[in-house]
Structure formats: C-alpha cells, structure tokens
Amino acid sequence: MKKNMGTLDKGIRVILAAVFAYLYFSGTVTGTLGYALLAFGVIFLLTSLVSFCPLYTLLGINTCKTK
C-alpha cells in the first residue's frame, strides 16, 4: 500500500473525526445520521493513521510529498 495522503489531509481528517465523534456522543446528532457520521469519522481516522485513501487511488490524487 503506497502512501497517498499529505500531512494537511491527515490533520483535517483527524479533526473531522473528532467533531463527528463529539456530535454523536453529545447527543447533538442522533439516529441514522448519527451512525453515518460516526462511520465516516472512523473511516477518516483509519485512513489518516495509515496515510492511504482508496478513493484517492481511484481518482488519481496524491497529496503526499515524499516519493
């Protein structure tokens, strides 16, 4: 698996995951939308930890500066 995410992308994804988790666990967003946000948060967190986004591969995007 080749890295295709830069530092800025990873930081944004971690922040979004934290916001989504806060919205879900605080009860601000509930129901199906809450579960969807929580799932997106988990996906964002996992992809930022491994520095690889499968969607970037499909779209031909690479924001990682190291080669």
Side-chain angles (χ1 to χ4, degrees):
M1 201 168 20
K2 186 175 166 184
K3 293 182 179 183
N4 63 1
M5 288 179 59
T7 306
L8 182 63
D9 289 338
K10 292 189 293 185
I12 291 171
R13 286 175 185 244
V14 169
I15 291 169
L16 283 175
V19 169
F20 292 166
Y22 173 77
L23 289 174
Y24 177 76
F25 289 115
S26 70
T28 305
V29 180
T30 59
T32 305
L33 181 59
Y35 290 130
L37 281 180
L38 193 60
F40 278 118
V42 168
I43 291 168
F44 284 169
L45 189 61
L46 288 176
T47 56
S48 67
L49 290 176
V50 297
S51 300
F52 178 76
C53 178
L55 187 59
Y56 279 11
T57 303
L58 293 174
L59 297 175
I61 300 171
N62 186 356
T63 60
C64 185
K65 295 185 187 208
T66 58
K67 291 187 178 186

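If you're wondering where the values come from, they're calculated on a predicted model, not measured in any experiment. We count residues from 1, following the sequence as given.
For the pair Ala17 and Gly41, the tightest heavy-atom approach, listed with the atom from each and the gap, is CB-O, 3.3 Å. Taking every heavy atom of both residues into account, Lys3 and Val50 meet most closely at CG-O, 4.4 Å. Leu38 and Ala21 get closest at one heavy-atom pair: CD1-CA, 4.4 Å.
Tyr35 and Phe25 fall within a single hydrophobic cluster, where Ile, Leu, Val, Met, Phe, Trp and Tyr side chains are chained together by heavy-atom contacts under 4.5 Å. There is a path of hydrophobic side-chain contacts, each under 4.5 Å, that joins Ile12 to Phe40. Connection of Leu8 to Leu16 is established within a shared hydrophobic cluster, with ILVMFWY side chains joined at heavy-atom distances below 4.5 Å, either directly or through further cluster members. The cluster map of Ile, Leu, Val, Met, Phe, Trp and Tyr, joined by side-chain heavy atoms under 4.5 Å apart, puts Leu23 and Leu33 in the same cluster.
The closest side-chain heavy-atom distance from Ile61 to Asn4 is not below 4.5 Å. Looking at Thr57 and Phe52, their side chains come closer than 4.5 Å, going by heavy atoms from C-beta outward.
Of the possible polar contacts, none joining the Asp9 side chain to the Thr63 backbone as a donor-acceptor pair under 3.5 Å is found.
Looking at residues two or more places apart in sequence or on another chain, you find no ring pair (Phe, Tyr, Trp, His ring centres under 6.0 Å) involving Phe44. Applying the side chain to side chain contact (heavy atoms under 4.5 Å, CB included) test to Thr30 and every residue at least two apart in sequence or in another chain returns nothing.
The cationic atom of Arg13 (NZ for Lys, CZ for Arg) does not lie both less than 6.0 Å from the six-membered ring centre of Phe20 and within 45° of the ring axis.
Note that the SG atom of Cys64 and the CE atom of Met5 stand 9.5 Å from one another [nearest 0.5 Å]. Here the CG-SG distance, from Leu59 to Cys53, works out to 8.0 Å after rounding to the nearest 0.5 Å.
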